[in-house]
Visitor: 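Before anything else, here's the structure in question.
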Amino acid sequence: MSLPLLSARDLDLRFGRVVALDRVAVDIWPGEVVAIVGESGSGKTSLLRVLSGLMLPDSGRVLYDGQDVLGMGEAGRRRLMRTDWGFVHQNPRDGLRMAVSAGGNIGERLMATGARHYGNIRGAAADWLARVEIDPARMDDPPRNFSGGMQQRLQIARTLVTHPRLVFMDEPTGGLDVSVQAKLLDLIRRLVADLGLAVMIVTHDIAAARLLAHRVLVMREGVVVEEGITDRVLDDPQHPYTQLLVASVLAA
Amino acid sequence: MSFPLVAEGLSKHFTLHLQGGVHIPVLRDVTLRVARGECVALAGPSGAGKSTLMRCLYGNYSTGSGRILVTHAGGSIDLALADARALRAVRRETMGYVSQFLRVIPRVSAAEIVAEPMIAGGRSREAAETRAIALLHRLNLPATLHGLPPATFSGGEQQRVNLARGFGPDYPVLLLDEPTASLDAANRAVVVSLITEAKARGAAIVGIFHDTEVRDQVADRLFDVTPIQDAA
């Protein structure tokens, strides 16, 4: 079998007396969607930030495609984030430039990877706006004039336009209306399958995890208490905390 | 004789931590071998553990002890030990499961739901969609519904979408949990012919059939699942 795309071992992180990560190990393979679920404060967002090099752990190792992510330095991690990786923030304002046009937001990321031909960049931006169901006629509008759902779709277009191999997503549907969430989840599901992306997604939404993820990690107080194929973890949870989490979901 | 699906010494219990850790044994030392082209019907009273056994065979439930050997990719794999990725590969290429209820996804049409596992299994999108439409027609789902998400469909219509999805990829191992529960006589007959054809191409099938008429038409033998008498 192939090797994991990203592999982390023995991650420890403390904020004062609070344990954010306690000897966490994670692997993700090419084309695999892994959800990290747990309540607020369980350490899931810290894990995502450490794996993506946005935050350094107290100790541990992170290997991406054979490269030592923690040892490569800030410049190396920024290069990965420009080329091989993408990060979709919960708040689109953290991933977009609100004063730059929608097309510019997409084009900017392409240009950061070396694209120079204006017509091609504009063409790619229009194509990606359509793929995330934003009318390409809105290309020259700044995202501050967009609804929250549109902003989030634009952030996804900006992230995926460079065809990253691994995308980190932090609560991408958080704070959106339910109907908007459904559309966004379906969009993510299709794009991820079409592009064969590996995705590490943090969510507290069990239904979203079931819809999107091949595999689930359950975190509590900085520890991965259970992991496995999504339907097994959700239908036959073993750990008391996972049982509580699954039992707390309201059936629609 | 070759057995694409073998369960050996399978046991399964549930521990309900939210109910004070109550321990519920469901399966004890179950051994079942299913041959190529054979359909085994699980029999036993309601609550005996038929669906639990089915879910263990699919890897949807973990197993306490025992082995579940599936012939896959030219070898044999024990699903009781397989990791998530290996289990996914088995489900993609080798083993299908038709549950009683369709899990609907907002905005995904009936035809896409049926085509999806065929595409995942390596068919071209065009071939998968053609076969999906043909199966839906065969199961008497009107063409006007093929392009719609099944959330608003009746129970019987949803079940037929589920059946088309399960029979699309020609899995070597097929698990059927009450495949005819909410179908009329005409559609039950279609399901009987789908099962008969799957057996003819060599599929190993395990089914739960409350409809004894259907069961008698497709099952080669019955396998009794008996409730565990808790001696404690």
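Below, chains carry the letters A, B, ... as their sequence lines are ordered, and counting in each starts from 1.
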Visitor: For a quick test of reading the model, state the closest non-hydrogen atom pair linking B:Lys12 to A:Gln238 and the distance between them.
Guide: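 Scanning both residues completely, I find the closest heavy atoms to be NZ-NE2, 4.2 Å.
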Visitor: Report the option among B:Ile119, B:Asp83, B:Leu87, B:Asn60 that has the most heavy-atom pairs separated by less than 4.5 Å from atoms of chain A.
Guide: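 Among B:Ile119, B:Asp83, B:Leu87, B:Asn60, the one with the most close pairs to chain A is B:Asn60.
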Visitor: If the threshold is 4.0 Å, N to carboxylate O, is there a salt bridge linking A:Glu133 and B:Arg107?
Guide: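 Looking at A:Glu133 and B:Arg107, the cut-off is met.
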Visitor: Got a sec: does the CZ of B:Arg103 have more than 12 other heavy atoms crowding it under 6.0 Å?
Guide: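 No, the 6.0 Å shell around CZ holds no more than 12 heavy atoms from other groups.
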Visitor: Is A:Asp231 salt-bridged to B:Arg91, cutoff N-O under 4.0 Å?
Guide: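 Counted as a salt bridge, because a side-chain N and a carboxylate O are separated by less than 4.0 Å.
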Visitor: At a 4.5 Å cut-off on heavy atoms, which part of A:Leu244 comes close to chain B: side chain, backbone, both, or neither?
Guide: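 For A:Leu244, backbone and side chain are both near chain B.
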Visitor: Could you tell me if the side chain of A:Arg190 sits less than 4.5 Å from the side chain of B:Val108, heavy atoms only?
Guide: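 Side chain of B:Val108 against side chain of A:Arg190, heavy atoms only: contact under 4.5 Å found.
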Visitor: Which distance, rounded to the nearest 0.5 Å, do you find between the CZ of A:Arg189 and the CD1 of B:Ile105?
Guide: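 One gets 4.5 Å once the value is rounded to the nearest 0.5 Å.
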Visitor: So for atom NE2, which belongs to A:His204, do other residues, nucleotides or ligands contribute more than 12 heavy atoms lying within a distance under 6.0 Å?
Guide: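 Open: at most 12 neighbouring heavy atoms sit under 6.0 Å from NE2 of A:His204.
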Visitor: With a 4.5 angstrom heavy-atom cut-off, could you sort out which part of B:Ser62 is near chain A: side chain, backbone, both or neither?
Guide: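 For B:Ser62, backbone and side chain are both near chain A.
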Visitor: What part of B:Gln19 lies closer than 4.5 angstrom to a heavy atom of chain A: side chain, backbone, both or neither?
Guide: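 When you check distances to chain A, no heavy atom of B:Gln19 falls under 4.5 Å.
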Visitor: For A:Asp27, is there an ion pair with B:Arg85 - N to carboxylate O distance below 4.0 angstrom?
Guide: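 Judged by the 4.0 Å cut-off on N to carboxylate O distance, B:Arg85 and A:Asp27 do not form a salt bridge.
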Visitor: Could you tell me which portion of B:Phe14 (side chain, backbone, both or neither) has an atom closer than 4.5 angstrom to a non-hydrogen atom of chain A?
Guide: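 Contact with chain A involves the side chain of B:Phe14 alone.
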Visitor: Using a 4.5 angstrom heavy-atom cutoff, name the option from A:Lys183, A:Glu227, A:His239, A:Arg215 with the most pairs to chain B.
Guide: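 Heavy-atom pair counts peak at A:Lys183.
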Visitor: Is A:Gln243 reaching over with its side chain to a backbone N or O of B:Thr15, donor-acceptor style, under 3.5 angstrom?
Guide: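 Present.
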Visitor: Looking only at heavy atoms, what is the nearest atom pair of B:Arg88 and A:Gly31, with distance?
Guide: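 Looking at all heavy atoms of both residues, the shortest contact is NH2-O, 4.4 Å.
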Visitor: What closest approach, in Å, do A:Ile229 and B:Ala84 show between heavy atoms, and which atom pair accounts for it?
Guide: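 What the structure gives for the nearest pair is N-CB, 3.6 Å.
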